[in-house]
Engineer: 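First the structure, which I've put down as structure tokens, then a few questions once you've had a look.
We use all heavy atoms of the structure for the numbers below, so side chains are in, but hydrogens, waters and symmetry mates are not.
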Amino acid sequence: MPDWPVTAAAVATGRSPDEPIVVLEKGKVLATSAAARAEGVRRGQRARDAQSRCPELVVLKYDPVIDARAFDPVIACLEAITPGVQAIRPGMCALKARGPARFYGSEEMAAEKLLDRLETFDVPGSRVGIADGPFAAEQAARTSSARTRVQVVPPGGSPEFLAPLSVDLLEQPELTDLLRRLGLRSLGAFAQLSGTEVLTRFGPGGAFAHRLAGGADDRPVTGREVPPELTRALDFEPSVDRVDQVAFAVRAIADELIVRLTELGLVCTTLRVEVGTESGRIHEREWLHPRWFTAADVVDRVRWQLQGSGTATSELTSPVVRIRLIPEQADPVGAHVDGLWGGGPDERIHRALSRVQSMLGHGAVVSVVIGGGRGFADRQTLIPWGDPPVPARPPDQPWPGAITGTSAGTSAGAERWPTPAPTTIFPEPIPAKVFAADGAQVSVSARGELSGVPTAFSLLPTNGPGVQVADSNKIHPITAWAGPWLSTERWWDPTTESRQARFQFQTADTRAWLFTLHQTTWQAQATYD
């Protein structure tokens with residue numbers, strides 16, 4: 001299909017391919033329309049040179065996504081009358097001639113049938129080349145004309161047909177430049193060289209080009225495998241304005257989707273839900289699953305998406321007119337089967353958490369992901385069950401003043417995370433007192449010197465969560481301790497500047513605690529169980 005990039009770009013921008021149009025890639029002309037070539041515009045020219053030859057030239061930017069998207073329906077159009085179409089690149093495809101030739105009577109009649117099909121699909125000017133291999137067939141299609149749109153190379157005639165053609169058709173600039181300097185300007189002259197000598201001198205790439213030049217193209221033609229249609233859609237007529245009504249109706253297409261995936265031996269791990277409303281807006285979101293989606297899981301995700309923040313409201317801001325379920329990632333079921341010794345989340349735990357989540361909302365069940373930050377409270381990110389575990393702060397970034405661990409040969413100022421991380425981080429720090437052996441409270445000087453060795457601490461009563469009543473005002477003997485680690489945060493802002501000393505304490509009940517001292521105030525920040 002000549003000038004396909006021009007055709008695709010023109011259709012995407014609402015222009016006619018008959019206009020003088022060029023498609024640019026990296027500042028040079030990639031493709032031109034017939035009207036532009038009539039004005040002297042050629043491929044490889046710079047945009048300014050092309051516009052100087054044709055002032056009314058329409059310049060469009062090359063977009064490979066638009067190019068491929070526009071060509072996909074053309075392949076489907078051809079597959080409607082003959083199977084096994086292989087898309088080489090947008091604007092060019094190949095297929096085995098034997099089957100269509102037997103069905104339609106001859107190779108020429110099969111080619112005419114394909115051209116008629118493309119004409120009815122509004123793809124005019126297409127050409128067909130028939131030869132022993134894909135490379136020779138491509139050159140035969142390129143040498144055809146508007147009057148003779150089918151060029152047939154007789155069986156065994158590919159070497160003779162290719163012999164007078166230029167070596168530039170091999171599309172290997174370094175190789176063709178060297179061949180021209182050696183005086184080998186045609187494919188026939190290049191094909192006369194010894195294959196062993198070509199392999200020795202030019203390597204595997206040169207040997208492959210040598211086989212193409214000699215008509216010995218043994219590449220197979222493999223038709224594309226059309227993926228099964230898994231998307232399911234549901235239209236509401238009239239529109240529906242209640243969440244429970246939408247969820248009840250979605251159950252049917254959710255069952256249909258899961259049954260189809262099961263028949264194909266697949267499971268869905270990523271689902272995209274598109275909700276079309278009467279206002280014309282489309283609300284879409286991707287949902288992930290710790291294992292794979294069941295029909296009930298799909299219905300829950302649709303309901304959560306309609307509810308927005310996870311509240312139990314049943315009224316929608318705008319009535320729903322359409323629901324689409326799109327499996328973004330469908331994996332073979334064997335890839336998610338537990339190993340010999342198990343693996344993956346426990347099925348009972350997953351079902352229990354999913355049940356709680358379905359009753360209370362999407363954000364009611366969360367798991368912790370450790371990311372970057374200065375303190376452990378900053379490092380934790382709460383992720384709803386089933387969502388991708390992406391921390392709010394990237395852990396690979398430098399975090400000056402972060403809590404650091406020390407070991408033999410490591411300075412106290414080295415930035416490195418202590419292992420393991422705390423098990424429980426209190427939502428609100430718990431005020432406390434830390435005592436030395438003489439009963440006085442421990443303090444830390446500006447140089448990090450302690451007024452006494454920490455021997456015990458007590459937690460003060462608080463209304464916040466995280467500490468049991470039995471722990472309040474109870475004296476906890478300290479059996480081991482580490483610190484202090486001094487840190488100054490926001491030193492450039494006198495109003496928010498904070499200077500802290502961090503400690504780790506171990507008590508007789510084998511628990512470890514993370515404490516901070518800010519001026520004269522002690523606080524328990526987290527525990528290690």
Engineer: I want to check something: taking the side chain as every heavy atom from C-beta on, are Pro20 and Val41 in contact at a cut-off of under 4.5 Å?
Structural biologist: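 The answer is no, as the side chains (C-beta and beyond) never meet within the 4.5 Å cut-off.
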Engineer: Scan for salt bridge (charged side-chain N to carboxylate O under 4.0 Å, His left out) pairs involving residues 174-200, sequence neighbours excluded, and state none if there are none.
Structural biologist: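 Counting only pairs at least two positions apart or across chains, the salt bridge (charged side-chain N to carboxylate O under 4.0 Å, His left out) contacts touching residues 174-200 are Asp168-Arg180, Asp177-Arg181.
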Engineer: Nearest 0.5 Å, please: how far is CD1 in Ile383 from CG in Leu288?
Structural biologist: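 So the CG of Leu288 and the CD1 of Ile383 are separated by 11.5 Å.
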Engineer: So, using side-chain contact (heavy atoms from CB on, under 4.5 Å) as the criterion, who are the partners of Thr262 when residues are at least two apart?
Structural biologist: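 Partners of Thr262 under the side-chain contact (heavy atoms from CB on, under 4.5 Å) test: Ile258.
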Engineer: Could you report the tightest heavy-atom contact between Val23 and Pro5, atom names first, then the distance?
Structural biologist: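 Looking at all heavy atoms of both residues, the closest pair is CG2-O, 3.7 Å.
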Engineer: Whether the side chain of Gln305 engages the backbone of Val273 through a donor-acceptor N/O pair (distance < 3.5 Å, no angle test) should be reported.
Structural biologist: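 Pair found, side chain donor or acceptor close to backbone of Val273.
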Engineer: Per the ring pair (Phe, Tyr, Trp, His ring centres under 6.0 Å) rule, what does the pair list look like for residues 145-174, sequence neighbours excluded?
Structural biologist: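 Of all non-adjacent pairs touching residues 145-174, none passes ring pair (Phe, Tyr, Trp, His ring centres under 6.0 Å).
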Engineer: Can a donor-acceptor pair be found, under 3.5 Å and without considering hydrogens, that links the side chain of Thr148 to the backbone of Ser145?
Structural biologist: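 No; zero donor-acceptor contacts below 3.5 Å.
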Engineer: Looking only at atom types and distance, does a side-chain atom of His289 sit under 3.5 Å from a main-chain N or O of Cys268, one as donor and one as acceptor?
Structural biologist: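 Not at all, since once roles are kept as given, no pair shorter than 3.5 Å links the two residues.
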Engineer: Mind checking the CG-OG1 spacing from Leu114 to Thr82? Nearest 0.5 Å is all I need.
Structural biologist: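 Those atoms lie 6.5 Å apart.
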Engineer: For residues 252-276, pull every pair meeting salt bridge (charged side-chain N to carboxylate O under 4.0 Å, His left out), keeping only residues two or more places apart or in separate chains.
Structural biologist: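 Listed by first then second residue: Arg232-Glu256, Arg251-Asp255, Arg260-Glu263, Arg272-Glu274, Arg272-Glu284, Arg272-Glu328, Glu274-Arg324.
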Engineer: With side chain to side chain contact (heavy atoms under 4.5 Å, CB included) as the test, would you mind laying out the steps for Ile323 and Leu325 before giving the verdict?
Structural biologist: CA-CA 7 Å; Ile323 295 286; Leu325 306 178; 4.1 Å; yes
Engineer: Quick one: pull up CG in Leu212 and CG in Asp217 and give me the separation to the nearest 0.5 Å.
Structural biologist: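 Rounded to the nearest 0.5 Å, the CG-CG separation comes to 5.0 Å.
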Engineer: Could you go through Asp132 and Val153, starting from their C-alpha distance and side-chain angles, then the distance that decides it, and tell me whether this counts as side chain to side chain contact (heavy atoms under 4.5 Å, CB included)?
Structural biologist: CA-CA 8 Å; Asp132 293 336; Val153 178; 6.0 Å; no
Engineer: Sub-3.5 Å donor-acceptor pair from the side chain of Arg127 to the main-chain atoms of Pro2, do we have one?
Structural biologist: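 Answer holds: no.
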Engineer: Which pair of heavy atoms, one from Arg322 and one from Ala233, lies closest together, and at what distance?
Structural biologist: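 Where Arg322 meets Ala233 most closely, the heavy atoms are NH2-CB, 3.4 Å.
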Engineer: Do you know the tightest heavy-atom contact between Leu234 and Ala249?
Structural biologist: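 Taking every non-hydrogen atom into account, CD2-O, 3.5 Å.
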Engineer: Would Ile21 and Asp3 count as a side chain to side chain contact (heavy atoms under 4.5 Å, CB included) here? Give the steps.
Structural biologist: CA-CA 10 Å; Ile21 300 175; Asp3 309 326; over 6 Å; no
Engineer: Any side-chain hydrogen bond (donor to acceptor under 3.5 Å, both in side chains) involving residues 40-60? Give me the pairs, sequence neighbours left out, ordered by first then second residue.
Structural biologist: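 As it turns out, there is no side-chain hydrogen bond (donor to acceptor under 3.5 Å, both in side chains) pair with a partner in residues 40-60 once direct neighbours are skipped.
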Engineer: Over all heavy atoms of both residues, which pair between Ser126 and Leu115 is shortest? Give the atoms and the distance, please.
Structural biologist: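 Residues Ser126 and Leu115, closest heavy atoms: O-CD2, 3.4 Å.
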Engineer: Can you name the closest pair of heavy atoms from Phe202 and Leu178 and give their distance?
Structural biologist: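 Shortest heavy-atom contact: CE2-CD2, 3.3 Å.
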Engineer: Considering only heavy atoms from C-beta outward, does the side chain of Leu24 approach that of Val29 to under 4.5 Å?
Structural biologist: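 Yes, at least one pair of side-chain atoms sits under 4.5 Å.
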Engineer: Considering non-hydrogen atoms only, spot the tightest contact between Leu170 and Phe135 and give its length.
Structural biologist: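 Nearest pair, atom of Leu170 first, then Phe135: CD2-CZ, 4.1 Å.
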Engineer: Do any N or O atoms from the side chain of Asp297 and from the backbone of Thr294 form a donor-acceptor pair under 3.5 angstrom?
Structural biologist: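 Flag set: sc Asp297 to bb Thr294 pair under 3.5 Å.
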Engineer: Could you tell me the separation between the CD atom of Glu79 and the CZ atom of Arg117, rounded to the nearest 0.5 Å?
Structural biologist: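 The distance works out to 11.0 Å.
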Engineer: With side chain to side chain contact (heavy atoms under 4.5 Å, CB included) as the criterion, how do Val74 and Trp4 come out once you've worked through the C-alpha distance, each side chain's angles and the decisive distance to 0.1 Å?
Structural biologist: CA-CA 11 Å; Val74 177; Trp4 177 258; 3.7 Å; yes
Engineer: So how far is it from Glu39 CD to Leu57 CG, rounded to the nearest 0.5 Å?
Structural biologist: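 Interatomic distance, Glu39 CD to Leu57 CG, rounded to 0.5 Å: 9.0 Å.
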Engineer: Ignoring hydrogens and angles, tell me if any N or O in the side chain of Glu107 forms a donor-acceptor pair with the backbone of Ala101 under 3.5 Å.
Structural biologist: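 No: the side chain of Glu107 does not pair with the backbone of Ala101.
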Engineer: A quick test of your reading: do over 12 heavy atoms of other residues, nucleotides or ligands sit less than 6.0 Å from CZ of Arg219?
Structural biologist: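 Atom CZ in Arg219 is packed in, count exceeds 12.
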Engineer: Could you work out, with side-chain contact (heavy atoms from CB on, under 4.5 Å) as the rule, every residue matching Arg89, not counting sequence neighbours?
Structural biologist: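 Here the qualifying residues are Met92, Glu138, Arg142, Glu171.
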Engineer: Do Phe236 and Val246 come within less than 4.5 Å of each other through their side chains, counting heavy atoms only?
Structural biologist: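 Counting from C-beta outward, Phe236 and Val246 do come under 4.5 Å.
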Engineer: Can you tell me which residue among Val167, Leu184, Leu169 is in a side chain to side chain contact (heavy atoms under 4.5 Å, CB included) with Thr176?
Structural biologist: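 The single option meeting the side chain to side chain contact (heavy atoms under 4.5 Å, CB included) with Thr176 is Val167.
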Engineer: Is the count of non-hydrogen atoms from other residues, nucleotides or ligands lying under 6.0 Å from Asp122 atom CG greater than 12?
Structural biologist: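 No.
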Engineer: Once rounded to the nearest 0.5 Å, what's the spacing between atom CZ of Phe293 and atom OG1 of Thr269?
Structural biologist: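 The distance works out to 8.0 Å.
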Engineer: Report yes if the side chains of Asp331 and Gln329 come closer than 4.5 Å at any heavy-atom pair, otherwise no.
Structural biologist: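 A side-chain contact under 4.5 Å exists here.
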Engineer: Are more than 12 heavy atoms from other residues, nucleotides or ligands located less than 6.0 Å from atom CG of Leu382?
Structural biologist: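 It does: Leu382 CG has more than 12 such atoms within range.
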Engineer: Do Leu257 and Leu271 have side chains that approach each other closer than 4.5 Å (heavy atoms only, starting at C-beta)?
Structural biologist: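 They are in side-chain contact.
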